[in-house]
Protein chains: 2
Amino acid sequence: MINKVKELRELYGLTQGQLGEKVNVSRQAINAIEKNKFDPSIWLAYDLAKLFNKSIKEIFDFEGSKRK
Amino acid sequence: MINKVKELRELYGLTQGQLGEKVNVSRQAINAIEKNKFDPSIWLAYDLAKLFNKSIKEIFDFEGSKRK
DNA sequence: AGTAAGTGTAAAGTTAACCTTACACGAAAT
DNA sequence: ATTTCGTGTAAGGTTAACTTTACACTTACT
């Protein structure tokens with residue numbers, strides 16, 4: 001799913017690894033989500049939204065994304 | 001995860017099966033979410049929120065729920 | 001009495017969201 | 001030149017979110 005994780009991560013000056021630590025997933029999981037390889041679980045989406053002070057919808061573009 | 005799916009479903013006068021049809025999951029999936037057997041995928045959470053005209057956070061209580 | 005509708009739950013299978021390990025690459029610094 | 005850091009990606013494994021099928025139970029209707 002199309003998302004703004006990479007932009008927000010860079011805005012916060014974090015590496016993929018650092019962001020992974022903060023939300024308790026691996027760096028590869030962050031990478032995969034940024035590259036749209038798979039969709040986050042609802043908990044991961046929530047954690048990312050919380051960290052970046054945004055709603056899930058602000059980060060993840062449901063309308064513009066293709067359902068896999 | 002604690003949620004308001006059952007209340008909202010009944011508010012809309014839907015059976016579990018009817019709700020399942022509307023969001024393209026089985027009736028058992030709806031039942032399991034209502035009974036907190038498992039957490040919805042992010043897409044299912046989105047579909048339910050959209051159907052009920054609420055945000056995901058309004059329906060699913062992340063703060064008050066235990067992470068499994 | 002019988003039947004239909006709604007719900008609860010269980011078993012077995014599939015799939016996708018993770019994991020760890022590993023390797024390759026480019027950029028930047030020493 | 002070589003090391004370090006960040007990223008991209010692939011392989012193989014685990015787990016949970018689903019599926020279908022099936023059965024039991026309650027309530028309501030005829």
Side-chain angles (χ1 to χ4, degrees):
Chain A
M1 174 161 34
I2 298 165
N3 65 83
K4 300 179 179 161
V5 171
K6 179 173 185 179
E7 314 159 41
L8 288 164
R9 174 176 61 80
E10 290 174 344
L11 190 63
Y12 279 72
L14 298 171
T15 67
Q16 293 180 344
Q18 288 168 340
L19 178 54
E21 277 181 32
K22 290 204 185 239
V23 294
N24 297 304
V25 297
S26 69
R27 129 186 125 74
Q28 286 82 352
I30 298 294
N31 186 277
I33 285 163
E34 287 187 359
K35 308 291 275 186
N36 198 6
K37 294 285 173 52
F38 56 70
D39 299 328
S41 72
I42 193 170
W43 277 107
L44 178 51
Y46 169 74
D47 285 336
L48 290 168
K50 190 176 178 187
L51 181 65
F52 293 137
N53 275 319
K54 304 236 177 232
S55 69
I56 291 179
K57 275 178 76 173
E58 283 174 316
I59 300 182
F60 297 95
D61 179 17
F62 295 94
E63 299 296 340
S65 298
K66 230 196 202 163
R67 213 175 210 101
K68 299 162 182 173
Chain B
M1 174 160 37
I2 298 165
N3 66 81
K4 300 180 177 159
V5 171
K6 179 174 185 180
E7 313 161 40
L8 288 163
R9 174 176 61 81
E10 290 174 344
L11 190 62
Y12 279 71
L14 298 171
T15 67
Q16 293 180 345
Q18 288 168 341
L19 179 54
E21 277 180 34
K22 289 201 184 242
V23 293
N24 298 305
V25 296
S26 68
R27 133 187 122 74
Q28 286 81 350
I30 298 294
N31 185 277
I33 284 162
E34 286 188 359
K35 307 292 275 183
N36 198 8
K37 294 285 173 54
F38 56 70
D39 299 328
S41 71
I42 194 170
W43 277 108
L44 178 51
Y46 168 74
D47 285 335
L48 289 169
K50 190 176 179 187
L51 181 65
F52 293 137
N53 276 317
K54 304 235 176 234
S55 69
I56 290 179
K57 277 179 75 173
E58 283 174 315
I59 299 182
F60 297 96
D61 179 17
F62 295 94
E63 300 295 339
S65 299
K66 231 195 205 161
R67 212 177 212 99
K68 300 162 182 174

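Every chain is numbered from 1, with letters handed out A, B, ... down the list of sequences. It should be emphasised that the depicted structure is a prediction, and the values quoted were computed from it without experimental measurement. Computation of the quantities below employed the complete heavy-atom set of this structure, encompassing side-chain atoms and omitting hydrogens, waters and symmetry-equivalent molecules.
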Atom-to-atom span, [atom1] of [X] to [atom2] of [N] - whole angstrom:
| X | N | atom1 | atom2 | value |
| --- | --- | --- | --- | --- |
| B:Ile42 | C:dT15 | CD1 | C1' | 18 Å |
| B:Leu19 | C:dT7 | CG | C1' | 14 Å |
| B:Glu34 | D:dA17 | CD | P | 16 Å |
| A:Arg67 | D:dC18 | CZ | C1' | 14 Å |
| A:Trp43 | D:dA17 | CH2 | P | 11 Å |
| A:Arg27 | C:dA17 | CZ | P | 19 Å |
| A:Ile30 | D:dG8 | CD1 | P | 12 Å |
| A:Ile33 | D:dT7 | CD1 | P | 15 Å |

Next item on the list: Just call it for A:Ser41: base, sugar-phosphate, or nothing, with non-hydrogen atoms closer than 4.0 Å on any strand.
Entry: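 Sugar-phosphate: the residue A:Ser41, judged by heavy atoms under 4.0 Å, touches backbone atoms but no base.
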At under 4.0 Å, does any side-chain N or O of [X] touch on OP1 or OP2 of [N]?
| X | N | result |
| --- | --- | --- |
| A:Asn31 | D:dG8 | yes |
| A:Gln16 | D:dC5 | no |
| B:Ser26 | D:dT19 | yes |
| B:Arg9 | C:dT7 | yes |

Item checked: Minimum-distance nucleotide to A:Ala29 side chain [options: C:dA17, D:dT9, C:dC18] ->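 In terms of side-chain proximity for A:Ala29, the closest of C:dA17, D:dT9, C:dC18 is C:dC18.
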Notebook entry, point to check: Counting side-chain heavy atoms from CB outward, which of C:dA17, C:dT9, D:dG6 is closest to A:Asp39?
Noted result: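 Out of C:dA17, C:dT9, D:dG6, the nucleotide with an atom closest to A:Asp39's side chain is C:dA17.
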Item checked: Charged N-O contact under 4.0 Å between A:Arg9 and A:Glu34 ->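 Salt bridge flag = yes for A:Glu34 with A:Arg9.
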Next item on the list: State whether B:Lys57 and B:Glu63 are salt-bridged, where the test is any N-O pair (Lys NZ or Arg NE/NH1/NH2 against Asp/Glu carboxylate O) under 4.0 Å.
Entry: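 Between B:Glu63 and B:Lys57 there is no salt bridge, as every charged N stays at least 4.0 Å from the carboxylate O atoms.
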Note to self: Ignoring hydrogens, what is the shortest heavy-atom contact between A:Gln18 and A:Gly13? Give both atom names and the distance.
What the structure shows: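 Of all heavy-atom pairs spanning A:Gln18 and A:Gly13, the closest is OE1-O, 3.9 Å.
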Check: Can you name the closest pair of heavy atoms from B:Met1 and B:Asp61 and give their distance?
Finding: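 Heavy atoms of B:Met1 and B:Asp61 come nearest at CG-O, 3.9 Å.
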Next item on the list: Record whether the side chain of B:Gln28 comes under 3.5 Å of the base of C:dT7 through a donor-acceptor pair of N or O atoms.
Entry: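 Answer no: no donor N or O sits under 3.5 Å from an acceptor.
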Checklist line | Note, A:Phe62 side chain near A:Ile56 side chain (heavy atom, < 4.5 Å) | finding: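 They are in side-chain contact.
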